[in-house]
Amino acid sequence: MRRLRNRLAGALLSVLALSLTATGCGGSSEAAPGGGDPTSSPAGASVANRVEPLARKPEPRLPVTVPSADGERVTVRAAERIVPLSGSLSEIVFTLGLGDRVVARDVTATFEQAAKLPVVTRGHDVSAESVLSLRPDLVLAETTSGPEEAVDQIRAAGVPVLFVEAAKGLDDVGPRIEAVADALGVPAAGKELTRRSEQRIEAVRGDVPHGEEPRVAFLYLRGSASVYLIGGKDSGAGSLIEAAGAVDAGAASGLDKDFTAITSEALVKAAPDAILVMSKGLESVGGVDGLVKIPGVAQTPAGMDRRIVSVEDGVLLNYGPRTDQVLKSVVAQLHGEDGAK
């Protein structure tokens, strides 16, 4: 069942939502993850705080009936009032050129065009009442969206809910874009955006320096909630790290789960040359100075060299139309002459 399948992912998203509330990052675009200065990465390329819509705005041809990732088939008869339940799905709709139809956002939708929309979800905390109050004719959800009761309530009210498989890596960019585009009745635009996104990603991969393959550990940090985790093979960061010409240190050290609590032993075994973090997570522990005080970090090559790669929370693991910019930022910080020290 979907509930069992997504329990771990939901728990992690719940921690994120709670920590956002605890640090006062709830409803404003300024305070939400990734909503700060888009040039605030330690070094190298940054990720633009705007999405780039397709040159030609498509016109939806509806109704359509499409498969939903939860096993249902969903009929979409109108797409005038769309509510995406994640920042990543919002990004896809806006980049397809249909952002003027979006009437609400998740707290992680921090790009400029969506910033003034009302927040109806915070990570894994969907408010059915808030969503329904906006009279949506289509809700787009991740397979990790929840609680399940809230999504069921939205469906029971007669609103079509399309589930899209949660992003796990670079290979998900195209399928997620096309799933959303098909549901909106703009399949040609979906194929065009997929081509553009994949070509841009490949162009960045072509510029990755050859030779050194540093070991990179992805750390999920929320200092205000005392959450300190190291990513394993299912963290979602592996394909991004590998595309940047590096080795996923957590997975390579034998961490099979998505995330494991940080211990000195786990960090020593992972022996990362660099550490990848979300920018708000880094801020939550007091920046690089605070990060190296976490037990075990200072004893790693990354800690000793203060080699930290930081990317905005709202885009790091989205695997969507801006993933080329994310990858470019990681590559520049990881391999650039200035490093991230």
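Just so it is clear, the structure is predicted and the values come from calculations on it, not from any experiment.
- Here the closest non-hydrogen pair linking Leu62 and Ala183 is CD2-O, 4.0 Å.
- Between the Tyr319 side chain and the Gly236 main chain, a donor and an acceptor come within less than 3.5 Å of each other.
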Check the pair Arg50, Gln113 against side-chain contact (heavy atoms from CB on, under 4.5 Å), reporting the backbone distance first and the verdict last.
-> CA-CA 7 Å; Arg50 292 181 58 84; Gln113 293 100 318; 3.5 Å; yes

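- Looking at Arg307 and Glu212, a side-chain N of the basic residue comes within less than 4.0 Å of a carboxylate O on the acidic one, giving a salt bridge.
- Considering only heavy atoms from C-beta on, Val131 comes within 4.5 Å of Leu85 through its side chain.
- Using a cut-off of 4.0 Å between Lys/Arg side-chain N and Asp/Glu carboxylate O, Asp171 and Arg176 are scored as not salt-bridged.
- Side-chain atoms of Ser88 come within 3.5 Å of backbone atoms of Asn318 as a donor-acceptor pair (strictly under, hydrogens ignored).
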Val311/Val277 under side-chain contact (heavy atoms from CB on, under 4.5 Å): CA gap, chis, key distance, verdict = CA-CA 7 Å; Val311 179; Val277 292; over 6 Å; no

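- Put simply, the side chain of Val161 does not reach to within 4.5 Å of the side chain of Ser68, judged on heavy atoms.
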Walk me through it: do Asp137 and Val159 pass the test side-chain contact (heavy atoms from CB on, under 4.5 Å)?
-> CA-CA 6 Å; Asp137 46 35; Val159 179; over 6 Å; no

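- For the atom pair Thr144 OG1 and Glu165 CD, the distance stands at 10.0 Å (nearest 0.5 Å).
- One distance of note links CG of Leu221 with CD1 of Ile294; it measures 5.0 Å at 0.5 Å rounding.
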Test side-chain contact (heavy atoms from CB on, under 4.5 Å) applied to Arg322 and Val51, step by step | CA-CA 7 Å; Arg322 288 189 290 171; Val51 299; 3.9 Å; yes

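- Rounded to the nearest 0.5 angstrom, Leu134 CG and Glu129 CD are separated by 12.0 Å.
- No salt bridge links Lys168 with Glu142; every basic N to acidic carboxylate O contact stays at or beyond 4.0 Å.
- In this structure, Asp70 pairs ionically with Arg155, as a charged nitrogen and a carboxylate oxygen lie closer than 4.0 Å.
- Ile275 and Ala302 get closest at one heavy-atom pair: CG1-CB, 3.7 Å.
- Contact of the Thr121 side chain with the Asp125 side chain is not registered, since no non-hydrogen atoms from C-beta on lie closer than 4.5 Å.
- Rounded to the nearest 0.5 Å, atoms CG (Leu317) and CG (Leu240) are 7.0 Å apart.
- Using a cut-off of 4.0 Å between Lys/Arg side-chain N and Asp/Glu carboxylate O, Glu192 and Arg195 are scored as not salt-bridged.
- A 4.5 Å side-chain heavy-atom check between Val292 and Arg306 finds at least one atom pair inside the cut-off.
- No donor-acceptor pair under 3.5 Å is formed between the side chain of Asp273 and the backbone N or O of Pro301.
- Side chains of Ser310 and Ser279: a donor-acceptor N/O pair is absent below 3.5 angstrom, by distance only.
- Shown here for Gly245 and Pro214, the closest heavy-atom pair between the two residues is O-CD, 3.6 Å.
- Residues Thr95 and Glu52 share a closest heavy-atom pair of CG2-O, 3.2 Å.
- When all heavy atoms of Pro321 and Ile177 are compared, the closest pair comes out as CG-CD1, 4.3 Å.
- Side chains of Val180 and Val164 form a contact here, defined as non-hydrogen atoms less than 4.5 Å apart.
- Side-chain contact check for Leu291 versus Leu219: some heavy-atom pair is nearer than 4.5 Å.
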Mind running salt bridge (charged side-chain N to carboxylate O under 4.0 Å, His left out) on Arg222 and Asp313 for me, showing each step along the way?
-> CA-CA 12 Å; Arg222 284 297 180 264; Asp313 301 43; 2.6 Å; yes

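- Atom NZ of Lys328 is separated from atom CZ of Arg200 by 10.5 Å, given to the nearest 0.5 angstrom.
- Of the inter-residue distances, the one linking Ile262 atom CD1 with Tyr228 atom OH reads 9.0 Å to the nearest 0.5 angstrom.
- Side chain of Arg61 to backbone of Gly185: no donor-acceptor contact under 3.5 angstrom is found.
- Leu327 and Val247 fall into different hydrophobic clusters, defined by Ile, Leu, Val, Met, Phe, Trp and Tyr side-chain heavy atoms under 4.5 Å apart, directly or through other members.
- Using a 4.5 Å heavy-atom cutoff, the side chains of Leu170 and Glu242 are not in contact.
- With hydrogens and angles disregarded, no donor-acceptor distance shorter than 3.5 Å links the side chain of Thr300 to the backbone of Gly296.
- Contact of the Val126 side chain with the Asp106 side chain is not registered, since no non-hydrogen atoms from C-beta on lie closer than 4.5 Å.
- Within the 3.5 Å criterion, the main-chain N or O of Leu138 finds no donor-acceptor partner in the side chain of Arg81.
- In this structure, Thr323 contributes its side chain and Gly320 its backbone to a donor-acceptor pair below 3.5 Å.
- For the residue pair Pro272 and Leu267, the shortest heavy atom distance occurs at CD-O, 3.6 Å.
- Using a cut-off of 4.0 Å between Lys/Arg side-chain N and Asp/Glu carboxylate O, Lys233 and Asp258 are scored as not salt-bridged.
- No donor-acceptor distance shorter than 3.5 angstrom exists from the side chain of Ser329 to the backbone of Gln325, with no hydrogens or angles considered.
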